[in-house]
Amino acid sequence: MRIIVADCSALYSGRLNASLPLAKRVLLIKADNSLLIFSELGSYKPLNWMAAPCTIKEGEPPEPDDDPETSTPEKVFTVYADKSSDVLEVTLQKIYSDQTFDLGQDPGLVKDGVEEHLQHYLAEQIERIGEGAKLVRREYPTPIGPVDIMATDAKGEHVAIEIKRHGNIDGVEQLTRYCELLNRDPLLAPVHGIFAAQTIAPQARVLAEDRGLRCLLLDYEEMKGTEDNSLRLF
């Protein structure tokens with residue numbers, strides 16, 4: 001990773017045109033030649049960038065004109081997109097720092113509380129969907145993709161459970177398609193549906209209930225055993 005702090009300007013041309021006036025910024029140049037330009041303020045996104053696959057060329061600045069007041073830039077980076085005509089040209093007027101670091105192999109982001117973890121805990125604690133419930137299997141296969149959990153209720157009827165971290169209308173539509181398909185199988189029907197999530201949007205809740213689906217709020221910390229065992233089923 002190469003990190004440069006410099007007074008720089010930038011010009012992006014191609015499918016869109018954009019420019020950055022001269023200001024002090026941070027440039028990140030990654031091993032794949034991606035170049036990203038950051039400012040002090042703003043969100044985590046760069047002000048401008050060229051992502052891989054791309055080719056980067058580090059060139060000498062143009063000759064100054066006859067005006068002695070005109071300062072010569074110290075460096076120019078030109079980055080060419082490999083799959084389009086897009087070009088990012090960054091002119092470094094003054095460089096304050098230019099350092100390269102070997103970051104080594106990154107193990108990746110470890111997320112806690114993702115859908116896979118919610119599925120794991122709910123499968124182990126399947127009676128959260130109702131007393132007498134039993135797990136059939138996780139990732140129950142269907143022709144349009146696997147249902148997160150298939151279970152049976154106290155009556156022995158099948159229950160398809162779709163799990164999301166944040167439940168929205170798309171998740172309800174997904175569960176609806178699963179239930180419609182599974183109910184065509186006489187060996188499974190009737191198949192009920194439960195939409196389970198850590199949070200459920202009001203519109204998604206209304207749609208789910210209108211289609212006869214139950215909504216289950218999942219408390220991840222509670223499911224890990226760090227809080228009480230109360231059940232919230234709405």
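Both backbone and side-chain heavy atoms feed into the values below; hydrogens, waters and symmetry mates do not.
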**OP:** Evaluate side chain to side chain contact (heavy atoms under 4.5 Å, CB included) for Ile56 paired with Ile29, printing each intermediate quantity in order.
**Re:** CA-CA 9 Å; Ile56 186 169; Ile29 302 176; 4.2 Å; yes

**OP:** Would you indicate whether the side-chain heavy atoms of Ser34 and Met50 approach each other to under 4.5 Å?
**Re:** no

**OP:** Check Asn48 against Tyr12 and note the closest heavy-atom contact, atom names and distance.
**Re:** OD1-CD1, 3.4 Å

Original post:
For the atom pair NZ (Lys224) and CG (Asp219), what is the distance rounded to the nearest 0.5 Å?
Top reply: 10.5 Å

Original post:
Would you call Arg138 and Glu116 a salt bridge, taking side-chain N to carboxylate O under 4.0 Å as the test?
Top reply: no

Subject >> N-O pairing of Glu58 and Arg2 below 4.0 Å >> reply: yes

**OP:** Inspect the contact between Lys164 and Glu162 and indicate whether a charged nitrogen and a carboxylate oxygen are less than 4.0 angstrom apart.
**Re:** yes

**OP:** Give a yes or no on whether the backbone of Asp7 and the side-chain of Arg25 come within a donor-acceptor separation of less than 3.5 Å.
**Re:** no

Original post:
Any link between Leu218 and Leu135 through a network of hydrophobic side chains (Ile, Leu, Val, Met, Phe, Trp, Tyr) touching at under 4.5 Å?
Top reply: yes

**OP:** Treat each ILVMFWY residue as a node, draw an edge where side-chain heavy atoms are under 4.5 Å apart, and state whether Val79 and Leu36 are in one component.
**Re:** no

**OP:** For side chain to side chain contact (heavy atoms under 4.5 Å, CB included), just list the numbers for Val172 and Leu175, CA-CA rounded to whole Å, side-chain angles, deciding distance to a tenth of an Å, and then say yes or no.
**Re:** CA-CA 5 Å; Val172 176; Leu175 178 57; 5.9 Å; no

Subject >> Spatial distance of atom CG (Leu217) from atom CD1 (Ile200) [nearest 0.5 Å] >> reply: 5.0 Å

Original post:
Which distance, rounded to the nearest 0.5 Å, do you find between the CG of Asp86 and the OH of Tyr80?
Top reply: 13.0 Å

Subject >> Within-4.5 Å side-chain heavy-atom neighbours: Pro46 and Ile37 >> reply: no

Original post:
Does the side chain of Cys8 come within less than 4.5 Å of Val90's, by heavy atoms?
Top reply: yes

Original post:
Just how far is it from atom CG of Leu216 to atom CG of Leu122, taken to the nearest 0.5 Å?
Top reply: 6.5 Å

Subject >> Joint hydrophobic cluster, Tyr220 plus Ile126, side-chain heavy atoms closer than 4.5 Å >> reply: yes

**OP:** Find out whether Tyr96 and Lys24 are in side-chain contact, i.e. whether some heavy atom of one side chain is under 4.5 Å from a heavy atom of the other.
**Re:** yes

Distance-only criterion, 3.5 Å: show the donor-acceptor pairs between side-chain atoms of residues 141-149 and protein atoms not counting sequence neighbours.
| unit_1 | atom_1 | unit_2 | atom_2 | d |
| --- | --- | --- | --- | --- |
| Thr142 | OG1 | Ile144 | N | 3.2 |
| Thr142 | OG1 | Gly145 | N | 3.3 |
| Thr142 | OG1 | Gly145 | O | 2.4 |
| Asp148 | OD2 | Ile163 | N | 2.7 |

Subject >> Atom of Ala204, atom of Ile169 and distance for their closest heavy-atom approach >> reply: CB-N, 3.7 Å

Subject >> Distance in Å, Arg214 CZ paired with Arg205 CZ, rounded so as to fall on 0.5 Å steps >> reply: 12.5 Å

**OP:** May I ask you to test the Met223-Glu124 pair for a side-chain heavy-atom distance under 4.5 Å?
**Re:** no

**OP:** Identify whether the distance between the nearest side-chain nitrogen and carboxylate oxygen of Glu173 and Arg211 falls below 4.0 Å.
**Re:** yes

Subject >> Separation of Leu207 CG from Thr176 OG1 (nearest 0.5 Å) >> reply: 6.0 Å

Original post:
What are the two closest heavy atoms between Trp49 and Leu88, and how far apart are they?
Top reply: C-CD2, 3.9 Å

Subject >> Nearest non-hydrogen partners of Gly193 and Cys179, listed with the distance >> reply: CA-SG, 3.7 Å

Original post:
Would a 4.5 Å heavy-atom cut-off, applied to side chains only, mark Glu157 and His192 as touching?
Top reply: yes

**OP:** Identify the heavy atoms of Leu22 and Gln93 that sit nearest to each other, and give their distance.
**Re:** CD1-CB, 3.8 Å

**OP:** Just jot down the side-chain hydrogen bond (donor to acceptor under 3.5 Å, both in side chains) partners of Ser97, sequence neighbours excluded, or say none.
**Re:** Gln99

**OP:** Please say which of Thr78, Asp82, Asn33 ends up in a side chain to side chain donor-acceptor pair (under 3.5 Å) with Thr55.
**Re:** Asp82

**OP:** Compare every heavy atom of Val76 with every heavy atom of Glu89, then report the nearest pair and how far apart it is.
**Re:** CG-CG1, 3.9 Å

**OP:** Evaluate side chain to side chain contact (heavy atoms under 4.5 Å, CB included) for Ile161 paired with Ile129, printing each intermediate quantity in order.
**Re:** CA-CA 9 Å; Ile161 306 170; Ile129 72 170; 3.8 Å; yes

**OP:** Please step through side chain to side chain contact (heavy atoms under 4.5 Å, CB included) for the pair Tyr140 and Leu188, ending with a clear verdict.
**Re:** CA-CA 12 Å; Tyr140 189 90; Leu188 296 175; 3.6 Å; yes

Original post:
How about Val159 and Thr152: do any of their side-chain heavy atoms sit closer than 4.5 Å?
Top reply: no

Original post:
Transitively linked via ILVMFWY side-chain contacts under 4.5 Å: Leu182 with Val136?
Top reply: yes

Original post:
Considering only heavy atoms from C-beta outward, does the side chain of Ile4 approach that of Val26 to under 4.5 Å?
Top reply: no

**OP:** Report yes or no: do Val5 and Phe38 belong to one cluster of Ile/Leu/Val/Met/Phe/Trp/Tyr joined by side chain heavy-atom distances under 4.5 Å?
**Re:** yes

